[in-house]
Amino acid sequence: MSYLRPDIRQRADELVSLYPQRRSAMLPLLHLAQEQDGYLTDEGMAEVAELTGTSPAEVRGTASFYDMFHLEPVGKYVVGVCTNIACLLAGGEELLDHASKTLGCSIGGTSADGLFTLEETECLADCDIAPVVQVNHRYVRTTTPDALDALVTDLRNGRRDDEIPPHGTLIRVRRNGGLRAPRAQVAAEREAAQKAREARAAKETK
Amino acid sequence: MTSLLTSTTTDAPMTDALETRTTVTLTVNGREVTATKGEMLISAADRVGTYIPRFCYHPRMEPVGVCRMCLVEVDGPRGATLQPACYIQVGEGMVVNTESEKVKKAQDGVLEFLLANHPLDCPVCDKGGECPLQDQTLAHGSGETRFIEEKRHFPKPIEIGELVLLDRERCIQCSRCTRFASEVAGDAQIDFAGRGDNIEVAPSPTEPFDSIFSGNTVQICPVGALTAKPYRFTARPWDLEQVESTCTTCAVGCRVAVQSSSNRLTRVLGMDSEAVNHGWLCDKGRFAIDSVVGIDEAPLTDSARRITEPMIRRNGALETATWGEALREAARIISSASTPSAVGAIGGAALTNEGAFAWQRFFRGVVGTDSIDAQYGDGLDPVLVAALPRATINEAAEACTVVLLTGDLREELPVLFLRLREGLVKGTTNVVEMSASGSALSSLSRVKLPIRPGEAHLVARAITTDDAPLTTLASHPHGGLFTSADLMEARRLIGEDGSGVVFVVGRPNLAESSAPIEAAIRIFAERFPQAKFLPTLRRGNVNGALDMGLTPNLAPGQQFALTAGRSTLEQLRAASTGEQSVIVSLGGDILENVVDTALATAALTVASLIAVTGHGGPSLAFADVVLPATVMHERLGTVTNIEGRVSLLAPKVTPPGSTWPDVAIASELAEEFGQNLGLSDPEETANVIEATTGYPCGSAMRSTMEGIVVGRIDAQTERRPLDPMAFPGIRSADLVGIAPRAGAIASSDATVAGIATRPTLSNVVGELNPVIPMPDTYSLRLVVDRTIYDNGAAVRGTEALRALVPTSVLRVNPHDLTRIGVTSGGAVRLTSARGSEVIAVVTDVAVPRGCVALRLGTLATTESSDSANVVNWIVDSEQVVVEVRMDSL
Amino acid sequence: MAVLTAPKIVSSRSEYSDSHSMSRYLATDGFTALRKALSMHPEAVAAEVDSASLLGRGGAGFPAGRKWSMLRKAPVSYLVVNGDESEPATFKDHYLVEREPHQLVEGVTIAAYALQVSQAFIYLRGEFALGLERLQQAVNDAYEHGALGSDIFGSGFSLDIIVHPGAGAYICGEETALIEALEGKRGFPRIKPPYFPAAIGLYGQPTVVNNVETMANMPWIVNNGGAAFAALGQGRSAGTRLFALSGRVKNPGVYELEMVKNTFRDIIFDPALGGGIVGDKKIKAFIPGGVSAPWFTPEQLDIPLGQDEVAEQASMLGSGSIVVLDEDSCVVRAAWRITKFFSRESCGQCTPCREGSGWLERIMYRMEHGGGRREDLDLLLDLCDNIAPGLSWPPQQTTICVLGPSIPSSIHSAITNFRDDFIAHVDHNGCPHD
Ligand SMILES: Cc1cc2nc3c(=O)[nH]c(=O)nc-3n(C[C@H](O)[C@H](O)[C@H](O)COP(=O)(O)O)c2cc1C
Ligand code: SF4
Ligand code: FES
């Protein structure tokens with residue numbers, strides 16, 4: 001029995017078949033498992049282990065290396081405020097403190113209503129609109145305490161939900177193309193071309 | 001120092017040519033050094049006595065270069081740069097400086113970084129006194145700390161498995177343990193979690209760390225982060241005494257350091273033996289030392305109980321007696337038999353070669369019977385084994401192709417599994433697996449030719465001759481199990497004459513007579529004259545016992561006996577009909593070792609039983625006399641492993657109570673018959689063996705080396721210098737072991753010439769075409785295989801291991817289970833001609849359709865069974881194959 | 001005055017709000033370069049790139065053409081595009097994938113054709129959710145348009161591109177760590193040698209790794225020729241480059257400028273560019289190429305924006321991101337925050353970086369927040385020296401990858417240039433700015 005929901009599992013199977021080696025699907029699969037539960041459950045990781053041909057210890061070891069994966073439950077909205085150099089110079093620390101008060105949670109903590117988790121992030125590569133704030137990895141381009149308060153009110157009232165999906169949902173655009181020619185055939189053609197090139201090169205050097 | 005090459009190659013001119021091609025010359029600290037091409041700088045430096053500090057490097061694993069302790073200066077195109085000596089291969093003309101100021105500062109810096117977050121709990125740490133970090137700090141550390149910050153904190157030791165505790169604060173992230181788990185053992189049950197200075201070793205979120213090799217991670221941990229529950233706090237390293245010895249838990253014969261503290265066994269560590277175990281051990285071999293002491297409260301019928309006094313049955317109960325009384329009683333029982341052939345002996349795998357030799361001399365010479373057998377009906381014909389060209393473990397590990405026709409090696413001969421796996425993972429060895437129920441090597445096997453019970457010889461024939469047997473195999477009601485393409489691939493891998501091929505042969509299924517397997521082995525041996533064979537007779541010193549003549553048809557030194565006695569199963573059958581009246585049990589417990597318990601029970605009920613043993617066991621309920629023997633780590637002797645390597649078994653502790661070594665028991669018993677065996681002690685016995693048969697026991701006993709392979713002067717390997725960073729806790733072996741005595745024969749001078757009357761294949765009798773009953777569609781064929789944590793003496797006598805004995809569960813192909821409408825995890829009723837039982841069931845695709853598999857020595861869960869083990873009531877040794885039925889409840 | 005005459009090579013569609021759409025891309029010369037490339041011999045395409053003297057835009061600045069030719073001897077198996085952009089204050093690749101995703105896809109396809117690779121991966125930083133969606137859409141569009149997949153534009157050349165999301169780990173920008181991540185493992189950089197993933201890359205196969213911006217240059221180079229590209233800029237620094245300007249400037253943002261022709265002063269102060277310091281304060285220091293780079297002071301404002309020009313002054317142009325500190329900025333706090341970043345992002349594999357970064361961060365924290373001691377200055381420098389012996393530039397290292405020797409840059413720069421600020425922190429027992 002699959003722990004992952006059928007729709008998620010189907011996407012997972014697609015991903016596994018996409019890569020030359022199934023372990024490569026690790027990070028995308030973990031994103032999917034996180035999309036289902038908002039964080040990574042032990043069961044979700046065990047299924048990823050099965051799908052990638054690894055051990056649960058390896059999956060947890062890998063997942064815990066990456067900041068975007070949460071191994072404990074988080075709020076519906078994970079709010080990240082950057083305090084790295086460009087944001088620091090633009091008041092990132094102050095905005096983070098303010099967010100902590102507005103959301104009612106400590107840095108790294110989750111609000112009592114389970115709606116928000118607050119994180120201090122490293123540079124999010126949007127430094128010209130600093131300090132940078134992300135909600136569930138969507139840039140909200142909110143740089144002042146007042147704007148942040150307004151955003152939080154919107155979130156509480158579900159007014160930004162079409163723009164900001166629940167935590168864990170990363171890519172909503174599904175891959176719909178793909179190499180239509182069989183991989184083996186492509187590889188064979190490539191190899192033949194390479195051989196021809198080598199032969200040519202060999203002739204030239206002679 | 002000679003290189004590995006010169007010591008194994010005898011052809012001098014060729015060696016020279018090879019040497020120039022494969023060596024390079026470099027300069028280390030101004031001195032010229034010759035090294036093997038491809039060798040890591042650190043090990044080349046080791047050989048010339050330039051010690052470069054290190055933590056993550058382990059000579060038996062791939063280098064990773066992560067700890068950075070081994071940085072040295074290497075001249076390159078851009079001037080001298082700091083490079084990790086463990087990761088840099090030697091190069092021609094390379095200029096290396098390991099002592100410059102820059103090197104010293106870098107190394108001191110790394111050490112200071114490692115200590116920054118390391119707790120200051122050395123006084124209470126298990127590793128204190130033998131800790132590479134501590135040692136290196138004493139040697140290089142500055143003595144004062146500049147780190148005034150709060151140290152990293154983790155909750156103190158957490159239990160990550162039944163045997164191992166983890167203290168994450170002490171971890172220095174060298175990754176030796178995680179690499180061992182994934183790279184060597186092949187089950188990554190632990191891995192790093194987290195990132196940066198939060199990185200920690202972590203088990204799986206859902207399963208405990210229960211690898212059967214978990215103890216190795218403890219042994220190679222360079223700090224006290226991983227500790228073994230059984231050893232924790234039992235001793236301080238400076239109180240430990242050590243001998244080098246051989247593990248006899250199974251027949252791989254791993255070299256070990258056995259340590260004790262005030263006559264109490266405390267720890268077993270793996271020695272770095274080039275020929276055998278590369279430093280690794282399985283957890284059973286490592287932790288089973290508790291079974292030497294045993295459990296005092298256990299009843300006599302429990303193998304956890306240690307037997308320390310002679311006993312005689314009086315008024316129906318075993319009572320303590322003096323040695324004199326017990327020996328007289330034993331002699332009386334033996335003498336009371338109508339003819340010498342009404343006496344027989346069973347067992348001997350737990351003996352030393354010297355003990356086995358003495359007993360066979362007693363039975364053949366004093367009693368006059370050839371009914372002696374060190375195997376329990378679950379082995380192979382010793383004549384066949386002796387006739388096969390034997391491979392060494394190294395040859396198997398380096399073979400181009402290995403054919404597996406044996407049980408799951410990870411369960412049966414664990415370190416052989418590790419050694420074979422190495423070549424498989426590297427891709428230098430291909431495996432053809434012929435298995436009845438899959439194994440830990442299945443997933444790495446190039447070709448899988450599954451065999452149902454009774455089919456081994458048919459598959460062998462299909463490989464060696466033509467496709468015709470395929471038709472027979474395919475006509476099975478459930479169809480064939482492999483394609484002719486698989487067969488072609490197997491043939492291709494084995495080649496025309498089998499050169500470079502090693503057949504690893506044993507008994508993949510214990511619920512089947514030995515005939516089909518023995519036929520298969522003979523078919524292979526005849527068809528592939530260049531192939532070598534590694535038999536997997538797996539009990540402790542069974543190979544030595546057979547070589548010492550504890551077999552019905554071979555005399556010591558694998559020479560043909562003139563007459564042939566009864567094998568174990570024949571003895572039991574003869575005893576149950578009254579034809580044989582006396583059974584002498586040597587070592588292991590008969591009821592615990594014979595798979596067909598019903599037969600053994602019938603025999604013991606009728607016959608008299610004299611048990612020479614160190615442990616209790618269910619058979620003692622039938623014993624008339626019990627003679628207490630010394631066991632491993634208490635006695636001196638030699639043992640022989642699967643490849644025929646004779647090595648030293650060294651005593652470490654004084655035997656308890658009135659136990660005697662077997663040589664003494666056999667000699668004294670002979671005295672009761674007015675005869676002198678001429679064997680006063682193990683050393684004399686070893687010399688007698690060597691003098692009379694050429695079998696190198698005497699030489700092996702005087703050697704602290706890795707032992708001597710019978711008939712194989714070329715199988716000697718060189719010993720690496722002990723690297724205390726790689727093998728913390730082991731004292732240099734030169735200081736311990738048996739002191740070499742004047743006049744001792746150097747190991748290479750030993751008489752290892754072939755044995756003249758060694759049997760050949762033509763001496764092997766037995767059916768080449770055993771007739772197997774036709775399978776029918778409704779019954780299933782039983783496969784019985786082994787588990788490492790069986791319910792035997794080593795496990796039962798060791799607190800830490802007892803919890804690991806699995807419960808019995810029937811493994812079934814998903815198709816067969818679906819057919820009766822039961823799901824995996826449910827229960828079924830299993831019925832054989834002998835009775836029926838309810839048993840838990842799981843699906844297992846490695847079990848062929850039409851078969852079911854059970855592990856021997858697992859624990860029954862249902863009340864209906866009074867045997868500890870479900871398997872035993874079901875297997876009927878009269879049958880070539882065992883048919884069962886499976887029904888839903 | 002700034003020289004702003006050069007063409008926009010990678011940001012030509014910046015004036016359009018729908019620059020990320022396929023229709024806009026097709027309306028603005030989209031895929032013309034690919035069609036042209038496919039009509040050429042693959043080696044000829046590679047030769048154009050070689051002659052363009054395009055230095056890799058990921059930070060190390062290795063010539064793309066040279067990297068490729070090193071590889072063409074063995075058949076290249078995979079092309080991997082590095083879009084992990086996590087170097088603090090670097091945001092040009094983010095700009096490119098969100099605004100010009102099709103240009104990236106076209107560039108990758110051209111490069112794959114030149115290298116004769118049929119499988120490419122674009123490893124994109126996981127936090128770029130919008131970028132991931134736009135890039136996947138662009139890949140889908142390209143498949144539909146026949147610009148990707150089998151038999152591209154009927155040329156017989158086939159390519160598959162997988163958009164692979166990262167998951168939040170700076171170190172995965174390091175190319176060998178990226179390959180590990182792409183193989184589904186923890187992002188532990190591989191030990192060198194080999195110095196390039198060339199021979200043993202993804203799945204142990206020969207692999208080319210190039211930065212997103214490097215790839216984005218391909219269409220222009222093919223359309224206009226390598227020589228036209230090389231004619232821009234000066235010396236080894238050819239073409240234009242995206243510079244990400246941030247910190248205490250009036251107009252932070254991404255600017256595409258011809259290389260070498262402008263100086264740091266130009267980009268920071270020109271009204272058309274940075275526009276000067278916020279509040280017209282004085283500039284105190286600036287970081288010329290990402291936080292791994294040693295800092296510059298106002299004396300170095302007139303150094304041209306060129307790879308070798310910056311290297312000669314013992315720093316690096318790196319990822320092309322410039323951070324400006326003004327007279328009110330606390331250099332101790334800035335250096336502490338950068339150290340904290342490295343400590344959080346150290347992969348943890350090798351000792352000097354794992355333990356050194358954490359130790360340095362804690363000392364710097366005390367400096368800034370109270371508890372700093374005068375002797376800490378020597379301690380800081382000595383620990384830095386144990387990570388990057390000699391504290392020279394380019395650095396030596398005791399670590400596996402160059403994240404290690406990047407850690408000392410800010411601390412060393414701050415202490416050498418602003419020792420008095422540190423003393424003030426010690427005397428004040430914390431930050432005097434607070
Ligand atoms: C710690 C570290 C982080 C890096 N991060 C990035 C990055 O985010 N993006 C990038 O393109 N290159 C990054 N690099 C450089 C890559 O290793 C590699 O040199 C580059 O991707 C090659 O592409 P190029 O030749 O096109 O520049 C990083 C290097 C290091 C050591
Ligand atoms: S230098 Fe740092 S990031 Fe690089 S390998 Fe070492 S620990 Fe990892
Ligand atoms: S880096 Fe060489 S021993 Fe650790």
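We name chains A, B, ... by the order of the sequence lines, and we start the count at 1 in each one.
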Choice from C/Ser410, C/Gly187, C/Gly166, C/Gly253 maximising heavy atom contacts with chain A below 4.5 Å: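 Maximum pair count with chain A is reached by C/Gly187.
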request  = Return the option, out of C/Ala89, C/Cys172, C/Ala142, with the maximum number of heavy-atom pairs under 4.5 Å with chain A.
outcome  =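 Most heavy-atom pairs under 4.5 Å with chain A: C/Ala89.
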Of the listed residues ([options]), which shares the most heavy-atom pairs with chain C below a 4.5 Å separation?
options	result
A/Glu58, A/Arg175, A/Arg174, A/Gln134	A/Arg175
A/Thr169, A/Ile85, A/Val59, A/Thr121	A/Ile85
A/Glu120, A/Arg138, A/Met26	A/Glu120

What part of [X] gets within 4.5 angstrom of chain A, counting heavy atoms only: side chain, backbone, both, or neither?
X	result
C/Gln205	neither
C/Ala244	neither
C/Tyr170	neither
C/Val324	backbone
C/Leu202	neither
C/Ile162	both

Please tell me if the side chains of [X] and [Y] come closer than 4.5 Å, counting only heavy atoms from C-beta onward.
X	Y	value
C/Gln137	C/Pro101	no
A/Val79	A/Val152	no
C/Arg134	C/Val97	no
A/Cys82	A/Pro131	no

Taking every heavy atom of A/Met68 against every heavy atom of C/Gly168, the minimum-distance pair comes out as SD-N, 3.8 Å
**C/Phe188 six-ring face occupied by C/Arg186 cation (under 6.0 Å, within 45°)** = yes
- Query: Within a reach of under 6.0 Å around OH of A/Tyr3, are more than 12 heavy atoms found that belong to other residues, nucleotides or ligands?
  - Reply: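 Counting other residues, nucleotides and ligands, OH of A/Tyr3 exceeds 12 neighbours.
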Check your understanding: Among side-chain atoms of C/Ser292 and C/Glu87, is any donor-acceptor pair under 3.5 angstrom?
Key -> yes
Against chain C, label [X] side chain, backbone, both or neither, depending on which of its atoms sit under 4.5 Å from a heavy atom there.
X	answer
A/Leu88	side chain
A/Glu93	side chain
A/Arg22	neither

